[in-house]
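Heavy-atom basis, side chains included; hydrogens, waters and symmetry copies ignored.
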Amino acid sequence: VQLVESGGGLVQAGGSLRLSCAASGFNWDDGTITWFRQVPGKEREGVACISNNFDGTQLGDFVKGRFTISTDNRKTTVYLTMNDLKPEDTAVYYCAGGRTPRIRIKTWNWLYLYEYWGQGTQVTVSS
């Protein structure tokens, strides 16, 4: 399994970006792909999740109404569409894949449930 993120960059506050996670070799049986983000000195936090375990998506409270997560028809790429970006959204964004039924609506942002990680892509939002 290989997860490769792309689409990060520098954007002004209020702008938009779309991140992509190319998921090669990922089996979606009990499968979940989640976007996390991390800033230096802070824990990695869950941003958005799409899962076959609960047949839907989950979003962190801090991005609801601004970010959406989606896939292409073949589920080979997972997108994170980010609108109305704020300086506090500045972080390295990671794509993570997990293949366990333990990833549920209440546990989707538990880091240890994910076994596959991408290398991350930097998002910087200027004020």
Side-chain angles (χ1 to χ4, degrees):
V1 175
Q2 189 175 22
L3 304 177
V4 179
E5 303 96 335
S6 61
L10 174 64
V11 64
Q12 287 189 331
S16 299
L17 281 176
R18 189 177 78 162
L19 305 183
S20 298
C21 171
S24 58
F26 185 74
N27 187 332
W28 279 90
D29 292 344
D30 295 325
T32 300
I33 287 188
T34 294
W35 285 96
F36 289 86
R37 70 185 186 185
Q38 189 171 25
V39 297
K42 291 191 175 181
E43 290 186 356
R44 201 167 290 191
E45 62 181 354
V47 177
C49 160
I50 188 163
S51 178
N52 270 8
N53 291 346
F54 47 82
D55 195 26
T57 64
Q58 290 291 306
L59 294 170
D61 288 342
F62 49 90
V63 299
K64 286 181 179 176
R66 300 190 297 126
F67 293 9
T68 57
I69 187 169
S70 61
T71 68
D72 62 0
N73 288 338
R74 294 189 302 152
K75 285 191 169 180
T76 59
T77 303
V78 178
Y79 301 102
L80 182 68
T81 302
M82 307 185 294
N83 298 316
D84 189 24
L85 282 160
K86 305 176 186 300
E88 53 264 41
D89 294 318
T90 295
V92 178
Y93 284 71
Y94 297 90
C95 173
R99 289 201 60 235
T100 168
R102 296 176 63 195
I103 300 176
R104 311 296 298 182
I105 291 176
K106 291 187 177 182
T107 63
W108 67 273
N109 56 351
W110 292 7
L111 295 174
Y112 79 92
L113 294 176
Y114 294 87
E115 59 210 271
Y116 307 109
W117 290 85
Q119 81 288 351
T121 185
Q122 176 72 46
V123 171
T124 303
V125 184
S126 63
S127 57

List the atom of [X], the atom of [Y], and the distance in Å for their closest heavy-atom pair.
X      : Y      : result
Thr77  : Ser20  : CG2-CB, 4.1 Å
Thr32  : Cys49  : CG2-SG, 3.4 Å
Tyr93  : Leu80  : CD2-CD2, 4.0 Å
Cys21  : Trp35  : CB-CZ2, 3.5 Å
Gly46  : Asn109 : CA-CB, 4.1 Å
Ile103 : Gly98  : CD1-CA, 3.9 Å

Any pair with a residue in residues 66-78 that passes salt bridge (Lys or Arg N to Asp or Glu O under 4.0 Å), sequence neighbours left out, goes on the list, sorted by first then second residue, please.
Arg66-Asp89
Nearest-0.5 Å distance that lies between atom NZ in Lys106 and atom CD in Gln58:
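One gets 11.0 Å once the value is rounded to the nearest 0.5 Å.
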[Y] reachable from [X] in the ILVMFWY side-chain graph, under 4.5 Å edges:
X      : Y      : result
Ile33  : Leu113 : no
Leu17  : Phe62  : yes
Ile50  : Phe26  : yes
Tyr94  : Tyr116 : no
Trp110 : Phe54  : no

Pairs under 3.5 angstrom only: tabulate donor-acceptor contacts from the side chains of residues 120-127 to other protein residues two or more places apart or in another chain.
{"residue": "Thr121", "atom": "OG1", "partner": "Gly8", "partner atom": "N", "Å": "3.2"}
{"residue": "Gln122", "atom": "NE2", "partner": "Ala91", "partner atom": "O", "Å": "3.4"}
{"residue": "Gln122", "atom": "NE2", "partner": "Thr124", "partner atom": "OG1", "Å": "3.3"}

Check for me whether Arg44 meets the cation-pi criterion with Trp117, that is, NZ or CZ under 6.0 Å from the six-membered ring centre and within 45 degrees of the ring axis.
yes
Using a cut-off of 6.0 Å, state whether more than 12 heavy atoms not belonging to Gln119 lie near its atom CD.
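Above 12, so yes.
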Which residue in the set Asn83, Thr81, Leu85 passes side chain to side chain contact (heavy atoms under 4.5 Å, CB included) when paired with Phe67?
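So, applying the side chain to side chain contact (heavy atoms under 4.5 Å, CB included) to Phe67 and each of Asn83, Thr81, Leu85, only Leu85 qualifies.
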Cys95: which of Leu3, Thr34, Leu19, Val4 passes side chain to side chain contact (heavy atoms under 4.5 Å, CB included):
Leu3
Would you say [X]'s side chain and [Y]'s backbone share a donor-acceptor pair under 3.5 angstrom?
X      : Y      : result
Asn53  : Thr100 : yes
Arg18  : Tyr79  : no
Tyr114 : Trp108 : yes

